[in-house]
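Report on the following structure.
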Amino acid sequence: MELKKIKFGTSLGYYLWLVICIGAFLGLYFGLRKKSKKVQSWSLFGILAFNFVMHFLKLALPQYSGFPAILRKCSFENICAVSTLIFPFIYLSKWKAGKDYMFYLGLVSGILGCVAPMPVASMNLAFYEPEVIRYYICHAGIWIVPLLMVLFGLHELNWRRIWKTFVIYFAVLGVIIINELILIRIGWVKTSSMDEFFDANSRDMGYAIGLPDSMQGAAKYVLWLTPKAWRNVPILWELFPVIILGGILAFSACMIWDHKRFKEDIINFYNTVKVKVPAFFAKAKAGVKITENLDTEIAEDGEEQEENSL
């Protein structure tokens, strides 16, 4: 097994970085868990701020060249890029739904980025090269910070807000597409036709356009949830897979940290139904009796009028 190169699942360098990422998480957890909330909060923000700066400093690396087109790499070009750029600001805000998004999408996209490092693997780089180091630091930070944020109690998940995460996610996909269109308009991205723009193989747009050919093997696990008419429609192709599969993952996470509130809501719902349903049927039954009485009175009045007329 080769050591130096980052090759998905087949090199020691690949597994070495997975161990480093897990070790970084454990080191930060045990190093910060007994610290004050202030120290924990600013330490995690420091990681996000460092990632934000590295997102721009990568342009100094030899793998990124060709001004001004290369500036696209600093824009909202994919999910992880958006996360790197907006997470520091969401973290400092009081936007609870945004922090939920940090947690759910940070864990999924950050861990996937570390487990399947396709960008650096495609560059055929050694595990110690600066771009590989930058890549893993940024992607590890995307999932380590939100996870520690919840573990340290700096943010409280709420299962009632899960639906808002999906709204934010699809809005982010829209931002990625708009970002790409703007870059094409100002000439930073060259596209010969709209067919090329809608080609998922040409550029990394966070799968907003669709799945590239390299992922067609994995596509069978998600596309069965997508109506055939939607499979080539940007964003809509992943609507049901994200809501159904993502909903299961998000709900499972909430059952770890928010199970008490969920239990209380279920009990309250049951008690409400237990009271209101019988009351509803009682009112309905009373309404039927009133209607029957009215019909009887109307019929009797009609008979009396007929007798009087005779």
Side-chain angles (χ1 to χ4, degrees), residues 1-32 43-67 69-85 87-88 102-103 105-149 151 200-207 211-218:
M1 183 178 288
E2 186 178 359
L3 169 63
K4 291 179 59 178
K5 303 295 183 181
I6 296 295
K7 294 183 178 179
F8 178 57
T10 60
S11 70
L12 290 177
Y14 165 79
Y15 291 106
L16 176 63
W17 271 110
L18 290 182
V19 172
I20 291 173
C21 291
I22 295 172
F25 165 72
L26 294 175
L28 287 168
Y29 174 73
F30 288 107
L32 293 173
S43 296
L44 297 184
F45 174 74
I47 296 172
L48 295 176
F50 181 69
N51 283 359
F52 181 88
V53 173
M54 290 187 69
H55 187 67
F56 295 93
L57 290 181
K58 67 183 177 182
L59 296 183
L61 298 175
Q63 287 78 25
Y64 300 93
S65 60
F67 184 86
I70 200 61
L71 293 177
R72 174 181 178 272
K73 293 296 181 180
C74 294
S75 67
F76 300 111
E77 72 166 338
N78 55 46
I79 295 295
C80 291
V82 173
S83 298
T84 302
L85 291 170
F87 275 13
M102 281 182 64
F103 179 81
L105 266 295
L107 256 64
V108 172
S109 61
I111 290 175
L112 283 177
C114 293
V115 173
M118 299 307 181
V120 290
S122 63
M123 294 179 184
N124 197 32
L125 300 175
F127 74 93
Y128 52 79
E129 294 193 40
E131 169 56 12
V132 176
I133 297 172
R134 183 208 65 81
Y135 175 89
Y136 275 101
I137 288 176
C138 286
H139 284 80
I142 289 175
W143 68 267
I144 288 176
V145 170
L147 181 54
L148 291 178
M149 176 181 69
L151 288 173
N201 297 297
S202 59
R203 291 182 300 278
D204 178 12
M205 292 171 62
Y207 308 131
L211 287 171
D213 293 339
S214 60
M215 295 191 66
Q216 290 306 309

Requested in this report: Check ring-ring contact (aromatic ring centres under 6.0 Å, His included) between Phe87 and all other residues, then give those that pass, not counting sequence neighbours.
Outcome: none
Report summary line: Rounded to the nearest 0.5 angstrom, the OG-CG distance for Ser43 and Leu32 is 5.0 Å
Report task. For the residue pair Cys114 and Trp143, establish whether any side-chain heavy-atom pair is separated by less than 4.5 Å. Result -> yes
Requested in this report: Kindly compute the distance separating CG (Leu16) from SG (Cys21), expressed to the nearest 0.5 Å.
Outcome: 9.5 Å
Report summary line: Rounded to the nearest 0.5 angstrom, the CG-CD1 distance for Leu147 and Ile142 is 14.0 Å
Requested in this report: Describe, in one word, how the ring planes of Trp17 and Tyr136 are oriented to each other, choosing from parallel (under 30°), tilted (30 to 60°) and perpendicular (over 60°).
Outcome: parallel
Query - ring-ring contact (aromatic ring centres under 6.0 Å, His included) partners for Phe52, two or more places apart - result: Phe56, Phe89
**Report entry** Heavy-atom side-chain proximity of Val120 to Phe127 below 4.5 angstrom
**Finding:** no
Query raised in the report: So how far is it from Ile47 CD1 to Cys138 SG, rounded to the nearest 0.5 Å?
Result: 11.5 Å
Report summary line: Looking only at heavy atoms, the pair that brings Pro146 and Gly141 closest together is CD-O, 3.8 Å
Report task. Give the intermediate values and the outcome of side chain to side chain contact (heavy atoms under 4.5 Å, CB included) for residues Tyr29 and Ile144. Result -> CA-CA 9 Å; Tyr29 174 73; Ile144 288 176; over 6 Å; no
Query - Note, Met123 side chain near Glu129 side chain (heavy atom, < 4.5 Å) - result: no
Report task. Can you sort out the partners of Tyr135 under ring-ring contact (aromatic ring centres under 6.0 Å, His included), two or more places apart, ordered by chain and number? Result -> His139
Requested in this report: Could you list the residues that satisfy side-chain contact (heavy atoms from CB on, under 4.5 Å) with Ile70, not counting sequence neighbours?
Outcome: Leu59, Tyr64, Lys73
Report summary line: side-chain contact (heavy atoms from CB on, under 4.5 Å) filter on Leu112, not counting sequence neighbours, yields Val108
Query - Tyr128 and Val132, any side-chain heavy atoms less than 4.5 Å apart - result: no
Query - Distance, nearest 0.5 Å, that separates CG of Leu151 from CZ of Phe103 - result: 7.5 Å
Report summary line: Tightest non-hydrogen contact, residues His55 and Thr84, listed as CB-CG2, 3.8 Å
Query raised in the report: Can you list the residues that meet the salt bridge (charged side-chain N to carboxylate O under 4.0 Å, His left out) rule with Glu131, with sequence neighbours excluded?
Result: Arg134
